[in-house]
Amino acid sequence: GLRRAMKVRRGTPADAPRALEIWRDAVDATHRFLTPEDRAEIDEFVAAWLPSAELWLVDDPEGRPVGFLVMDGNMIDALFVDPAVHGCGYGTALLNHALTLAPDVVVDASEQADNALAFYEARGFVRTGRSETDPDGRPYPLIHLRYAG
């Protein structure tokens, strides 16, 4: 049948536990390079941060959230999709929503993650730089990208 248009909706603090679940599943699938210690530390931070973050969510046809977006000004702070539905268009729907909020959107993508760079570059982002470490100084390089249309 016809694919339902993917609607991105504003999240509430009640959506934070499911967003955390999506984050955990996505990170475990795509960020295997994280040490167990760093993974636990970042998990603690994300679990504390998500309830107060400005969440945007995309739901599957059953109404279950399968992806989320957090913006910080014109920067994508977080964009994660449940790995069970990677490649189904949910990430693109979230990215398109980010572009409606900030046409000059920028993002930092993990150089080591399995899917991040390819995802953004396939959708019109260009590299503008690189950091050797993540914002907390951990040895996980980031590629800086901006939307070039």
message: Do Glu121 and Leu145 make a side-chain contact, defined as non-hydrogen atoms from C-beta onward lying under 4.5 Å apart?
response: yes

task: Might you point out which heavy atoms bring Val58 and Ala93 nearest each other, and give the distance in Å?
output: CG2-CB, 4.5 Å

field: Same apolar cluster (I L V M F W Y, side chains within < 4.5 Å links), Leu79/Val106
entry: no

- prompt: Is there side-chain contact between Phe125 and Leu117, with heavy atoms separated by less than 4.5 Å?
  reply: no

- prompt: Would Arg39 and Glu37 satisfy salt bridge (Lys or Arg N to Asp or Glu O under 4.0 Å), going step by step from the backbone distance to the final call?
  reply: CA-CA 5 Å; Arg39 169 72 178 72; Glu37 296 76 18; over 6 Å; no

- prompt: Below 4.5 Å, heavy atoms only, C-beta onward: do Val81 and Cys88 meet side chain to side chain?
  reply: no

- request: Would you check if Met75 and His144 make a side-chain contact, meaning some heavy-atom pair closer than 4.5 Å?
  value: no

task: In sequence, state the C-alpha distance, the side-chain angles, and the governing distance for Arg18 and Glu21, and then conclude on salt bridge (Lys or Arg N to Asp or Glu O under 4.0 Å).
output: CA-CA 5 Å; Arg18 174 63 187 139; Glu21 234 172 54; 2.8 Å; yes

- line: Between Pro141 and Gln112, the two heavy atoms sitting closest are CD-OE1, 3.3 Å

task: Quick one: closest heavy-atom pair of Pro51 and Ala47, and the distance?
output: CD-O, 3.2 Å

message: Check for me, please, whether Val85 and Leu69 land in the same ILVMFWY cluster - side-chain distances under 4.5 Å, paths through other members count.
response: yes

- prompt: Would Val105 and Met71 satisfy side-chain contact (heavy atoms from CB on, under 4.5 Å), going step by step from the backbone distance to the final call?
  reply: CA-CA 9 Å; Val105 73; Met71 297 292 291; 3.8 Å; yes

message: Assess the residue pair Thr92 and Phe119 against the criterion (side-chain contact (heavy atoms from CB on, under 4.5 Å)); give the C-alpha distance rounded to whole Å, side-chain angles, the decisive distance to 0.1 Å, and a yes or no.
response: CA-CA 9 Å; Thr92 302; Phe119 172 81; 4.1 Å; yes

query: From Asn96 CG over to Leu101 CG, what is the distance, rounded to the nearest 0.5 angstrom?
result: 11.0 Å

message: Would you compute the distance between atom CG of Asp77 and atom CG of Asp108 and round it to the nearest 0.5 angstrom?
response: 9.5 Å

query: Can you check whether Val66's main-chain N or O pairs, donor with acceptor, with Asp60's side chain at less than 3.5 Å?
result: no

task: Answer yes or no: is there a side-chain heavy-atom contact under 4.5 Å between Arg10 and Glu54?
output: yes

- request: Using atom types as modelled and distance alone, determine if a side-chain donor or acceptor of Asp15 lies under 3.5 Å from a backbone N or O of Thr12.
  value: yes

task: Supply the atom-to-atom distance Asp25 CG to His86 NE2, rounded to the nearest 0.5 angstrom.
output: 9.5 Å

task: May I ask you to list the residues sharing a hydrophobic cluster with Leu50, side-chain cutoff 4.5 Å, ordered by chain and number?
output: Leu20, Ile22, Trp23, Val27, Phe33, Leu34, Ile42, Phe45, Val46, Trp49, Leu55, Leu57, Phe68, Val70, Phe80, Tyr140

message: Does any part of the side chain of Arg9, heavy atoms only, come nearer than 4.5 Å to the side chain of Trp56, both counted from C-beta?
response: no

Pairwise side-chain contact, Asp82 with Arg64, heavy-atom cut-off 4.5 Å (strictly under): yes

Any donor-acceptor pair under 3.5 Å from Ser131 side chain to Thr133 backbone: no

- prompt: Ile76 versus Tyr120: any side-chain heavy-atom pair under 4.5 Å?
  reply: yes

